[in-house]
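These notes concern the structure reproduced below.
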Amino acid sequence: MPTISDFDCQRVPVAEGVSLHAAVGGSGSPIVLLHGFPQTHLMWRHVARDLAADHTVIVPDLRGYGGSDKPSDGYSKRTMAADTVALARALGHDRFALAGHDRGALVAFRAGLDHPGTITHLACLDVLPTLDMWDVLHGASAAVGFHLYLMAQPPGLPEQLIAGASDAFFGHFLDVWTNDPSAIPPDVRAAYLDACRAAVPSIVADYRASAGVDVEHDKADRDAGNRLRMPVTVLQQDWGAALGYDAVALWGAWAADLRHETVTCGHFMAEEAPAEVAKSLRTLLDR
């Protein structure tokens, strides 16, 4: 399985029967980078090498993805956040900065709420918190998130449909969410498709959790007035203009110390604009 050059790969136990595949490089204060859909830790290859010049950079495959274990359950973002904390602790880090993209950003968001004494800085790339995401999708404009509704269905049909045309399904998102196709070269694209083809049930389970238990956890925190206590940076495309919401206001309700930046690249910003992403993360780490 392709990985980040000059990084060491490890399999680290994080829960009973579950180990994560992680690439680790650099030295200095730690930062964990969590990938999104439909990708693996490889999406961080450019940013990780940049940050490794002066940070210990830990880049895992999420539970259910890539080279990590794929149990039949345990895909709440609370459980996946606990995986992340256990991974960092196993590697010797009780406190660390955390950045996530897409699905990984939802895990990072939950880690920030559940483990405020552990996460020193938080970055979320191109998502809204789960509860807000469902609230802003309505009418014909919600068609952009058709995959969210497909994978929210009960077990059986989504897995069968996606497995029947997995390369077409996952490849669709790699195509339509990218402004610069050259940012995901053929060998990297093939690695993503291979990894997703082997992980259909667990990927669907990850998304299904975001239509159920993840919403419950977000509602409980909102009702309790819980907010992110650490410095937070959010990088997003201008989805608010497209779907009719105020992204800064939505994120501001969750984070007091917030910097929100709108990017002009596509969804896969760590590959399309790695220098910009690395710069934003370094600025966050200095706060």
Side-chain angles (χ1 to χ4, degrees), residues 1-15 18-37 39-70 77-125 188 191 195 206 230-233 235 269-271 274 277-287:
M1 177 178 295
T3 190
I4 301 169
S5 60
D6 301 323
F7 275 50
D8 295 326
C9 289
Q10 305 181 36
R11 283 188 59 81
V12 182
V14 296
V18 178
S19 293
L20 299 187
H21 172 90
V24 183
S27 62
S29 61
I31 181 169
V32 177
L33 307 177
L34 302 179
H35 68 86
F37 163 92
Q39 298 172 295
T40 68
H41 75 281
L42 192 60
M43 62 150 283
W44 287 109
R45 60 197 179 277
H46 306 305
V47 175
R49 287 196 296 266
D50 184 318
L51 295 177
D54 42 22
H55 294 279
T56 298
V57 185
I58 303 167
V59 200
D61 288 332
L62 295 168
R63 171 189 293 236
Y65 289 79
S68 292
D69 287 340
K70 303 170 180 62
K77 302 309 154 293
R78 172 159 288 162
T79 298
M80 296 170 80
D83 287 347
T84 305
V85 171
L87 170 67
R89 185 171 294 130
L91 295 174
H93 307 289
D94 291 329
R95 286 170 54 78
F96 57 93
L98 180 60
H101 173 259
D102 191 84
R103 307 305 294 171
L106 299 180
V107 176
F109 172 79
R110 176 45 54 191
L113 288 171
D114 286 0
H115 306 275
T118 299
I119 309 304
T120 62
H121 303 76
L122 180 67
C124 293
L125 277 58
V188 174
D206 168 30
M230 66 290 299
V232 176
T233 289
L235 303 179
M269 57 186 70
E271 291 168 291
V277 171
K279 180 180 179 181
S280 292
L281 293 181
R282 289 183 181 280
T283 299
L284 168 66
L285 294 171
D286 287 338
R287 281 159 61 191

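Predicted, not measured: the structure shown is a model, and the values here were computed from it.
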query = Are the side chain of Asp50 and the backbone of Ala278 linked by a donor-acceptor contact shorter than 3.5 Å?
reply = no
request  = Please work out whether the ring planes of His41 and His21 are parallel, tilted or perpendicular, with thresholds of 30° and 60°.
outcome  = tilted
query = Does any non-hydrogen side-chain atom of Val59 lie less than 4.5 Å from one of Phe7?
reply = yes
request  = Indicate whether any N or O donor in one side chain lies under 3.5 Å from an N or O acceptor in the other, for His55 and Ser29.
outcome  = yes
ask   = Going by atom types alone, do Arg89 and Thr118 pair a side-chain donor with an acceptor below 3.5 Å?
value = no
query = Between the main-chain N or O of Asp61 and the side-chain N or O of Ser68, is there a donor-acceptor pair closer than 3.5 Å?
reply = yes
message = Please identify which of these residues, Leu106, Val14, Val107, meets the side chain to side chain contact (heavy atoms under 4.5 Å, CB included) condition with Met80.
response = Val107
request  = Measure from the side-chain N and O atoms of Trp44 to the backbone N and O of Leu34, and report whether any donor-acceptor pair falls under 3.5 Å.
outcome  = yes
query = Any Lys/Arg nitrogen of Asp206 or Arg63 sitting under 4.0 Å from an Asp/Glu carboxylate oxygen of the other?
reply = no
ask   = In Å and rounded to the nearest 0.5 Å, what is the NZ to OG1 distance from Lys77 to Thr84?
value = 11.0 Å
message = Suppose the criterion is salt bridge (Lys or Arg N to Asp or Glu O under 4.0 Å): which pairs have a residue in residues 2-15, not counting sequence neighbours?
response = Arg11-Asp69
query = Which of these, Leu87, Leu20, Val24, Ile58, sits in a side chain to side chain contact (heavy atoms under 4.5 Å, CB included) with Gln10?
reply = Val24
ask   = Between Met43 and His35, is any pair of side-chain heavy atoms under 4.5 Å apart?
value = yes
message = Whether Arg282 and Asp54 form a salt bridge (side-chain N of Lys/Arg under 4.0 Å from carboxylate O of Asp/Glu) is what I want to check.
response = yes
request  = Establish, from distance only, whether the side-chain atoms of Ser5 and Arg49 form a donor-acceptor pair under 3.5 Å.
outcome  = yes
inquiry  = Tell me whether Arg103 contacts the main-chain N or O of Gln39 through its side chain, where contact means a donor paired with an acceptor under 3.5 Å.
reply    = no
